Each structure stands twice: as C-alpha cells, then as structure tokens.
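Data block below; observations after.
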Amino acid sequence: MGRLWTGLTFFLIGLLALPVVAYLYFLLGNPPVATSDRPFPFEAQVVRVPLGARIKREAPATVPLAVTPEVLAAGATVYRDQCASCHGLQGHPSEFAKTMFPGAPQLWVKHKNSAVVGVSDDPAGETYWKVKNGIRLTGMPAYQSLLSEDQMWQVAILLANADKELPAGVVETVSRPFGN
Ligand code: HEC
C-alpha cells in the first residue's frame, strides 16, 4: 500500500511539474523563433496532415471556368501582381523565398525527374482552396478578401497548366523580370 502511495505522489508531482518545465523551456530554452532555426519536433506534420484532410473535404471538384487563352492571361496578371514576389517568375526565382520558414516553393520550376512544373500535378480545385484560405503557420496568405472568385480560379487554372505550352503573352507576363 505504502509503495502505491509513493508511486502516486511522484506521478502527481511529475504531472504538476510538466507545465513548469514547458514554461521554463519557452522562457530560458532556445525554442526556434528565427526562420533559419531548426523546426520544432513534428512541426511539419502538425500543419500538413490536417491541411491535407481539410483540402480533401473542401476543395471543389468541379472547375467553374474553361481553360481559354483569356482565362490563362487573366491568371498570369494575378500571378505577377500577387504571387510572383514569393513564388518566383519563370527563370527568375524569388530571392527571399528560401529565407522564409517554411520556404515558398517556386511555382515555375520543373521538378527533377518528372514533367511536373510547380504544382501542375495538383488539381485546380486544390490550388484554389490554398489561394482562397491561405496556409496557417506559413507565409502563404489568404486571398478571399483580396481577389474575386474568378481571379482565384484563373490563377489556380494557370498553375494547373504550368507544364503545358502556354500562349506567348502568358509566358511573357510570368517571365518578364520586375522593374522591366
Ligand atoms: C508572402 C509570400 C507568399 C505569397 C505572396 C503567396 N504565397 Fe503561396 N505560399 C507561400 C509559402 C511560404 C508557401 C508554402 C506553404 C507550405 O509549406 O505549406 C506557399 C504555398 C503555396 C502553394 C502550395 C504549394 C505546394 O507545393 O503545395 C500554392 C499552390 C500557392 N502557395 C499559391 C500561391 C498563389 C497562387 C499566390 C498568389 C495569388 C500565392 N501563393 C502568394 C508564400 C506566398
């Protein structure tokens, strides 16, 4: 009986000490706060697993706009104005994308050993969801109050076709360096 109580007492002391230890870690320890710090344990999983599940539930399966040269051109203008600073232009990657945490993927870069360019392998509905809602704990903003429904679809459709041959005007818009 005595042993049981001793065990329980230590267990309770340990339980009560947990928040104190956590507090001291945040106060005196060296938790990652700079973008160049190493991630927290499971930091990536904490965001990615629920994000994938949420997108699966909510991303629209049907795309409301057809892939026309006009839609692609409108998407390219949105991309240049709103996205290129982080996600890069064709042939001109964003300079600070790598120093963000997590970094912003360059959406005009062809993947190694595959024909995929940027997120061309993701359905437009998935990219639309990310553009509309943003991605928590990353620098990816939500655009639902900045862009119209059509604009969010136009840029999502453009990115879904980034691996295809695009009209010359579209290529020009997403490749001309800033300041030109
Ligand atoms: C301020 C920087 C910033 C801007 C501006 C920005 N993004 Fe992002 N975006 C990010 C970051 C950082 C991530 C990476 C998130 C992650 O790791 O999950 C991201 C992720 C994404 C992804 C998912 C990429 C993948 O590999 O799954 C897509 C698609 C995307 N952004 C599209 C856009 C579009 C389209 C725009 C413009 C309408 C835009 N972003 C504007 C920073 C930005």
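These figures come from a predicted structure and were not determined experimentally. Just follow the structure's listing: the first ligand is 1, and inside any ligand the first atom is 1.
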For atom 25 (C) of ligand 1, closest protein heavy-atom neighbour: V119 CG1, 3.6 Å
R48-ligand 1 polar pair, N/O distance under 3.5 Å: yes
Non-hydrogen atom of G118 closer than 4.0 Å to ligand 1: no
Distance-only donor-acceptor check, side chains E149 and Y128, under 3.5 Å: yes
Verdict with reasoning, R80 to R176, per side chain to side chain contact (heavy atoms under 4.5 Å, CB included): CA-CA 9 Å; R80 185 174 178 86; R176 179 166 29 97; 3.6 Å; yes
Worked verdict on W153 versus S148 for side chain to side chain contact (heavy atoms under 4.5 Å, CB included): CA-CA 9 Å; W153 276 112; S148 69; over 6 Å; no
Tabulate below the donor-acceptor pairs under 3.5 Å that side-chain atoms of residues 114-122 make, not counting sequence neighbours, or state none.
{"residue": "S114", "atom": "OG", "partner": "V116", "partner atom": "N", "Å": "2.9"}
{"residue": "S120", "atom": "OG", "partner": "V117", "partner atom": "N", "Å": "3.0"}
{"residue": "S120", "atom": "OG", "partner": "V117", "partner atom": "O", "Å": "3.3"}

N, O or S atoms of the protein lying under 2.8 Å from atom 8 (Fe) of ligand 1: H87 NE2, M140 SD
Best match, T127, L147, L158: closest heavy atom to atom 29 (C) of ligand 1: T127
Nearest-contact summary for atom 12 (C) of ligand 1 - protein heavy atom, Å: P102 O, 3.5 Å
Ligand 1 contact by L159, heavy-atom criterion under 4.0 angstrom: yes
W108/Y79 aromatic ring centres below 6.0 Å: yes
Identity and separation of the nearest protein heavy atom to atom 41 (C) of ligand 1: Y143 OH, 3.2 Å
Considering only distance and modelled atom types, tabulate donor-acceptor pairs under 3.5 Å from the side chains of residues 132-143, sequence neighbours left out.
{"residue": "N133", "atom": "ND2", "partner": "W129", "partner atom": "O", "Å": "3.0"}
{"residue": "T138", "atom": "OG1", "partner": "I135", "partner atom": "O", "Å": "2.8"}
{"residue": "T138", "atom": "OG1", "partner": "M140", "partner atom": "N", "Å": "2.9"}
{"residue": "Y143", "atom": "OH", "partner": "Q82", "partner atom": "O", "Å": "2.9"}

Chi angles and distances behind the side chain to side chain contact (heavy atoms under 4.5 Å, CB included) call for T99, S36: CA-CA 7 Å; T99 67; S36 57; over 6 Å; no
Remaining members of hydrophobic cluster (4.5 Å side-chain criterion), Y23: V20, L24, L27, L28
Side chain to side chain contact (heavy atoms under 4.5 Å, CB included) evaluation trace for L89 with F178: CA-CA 9 Å; L89 293 163; F178 286 116; 3.7 Å; yes
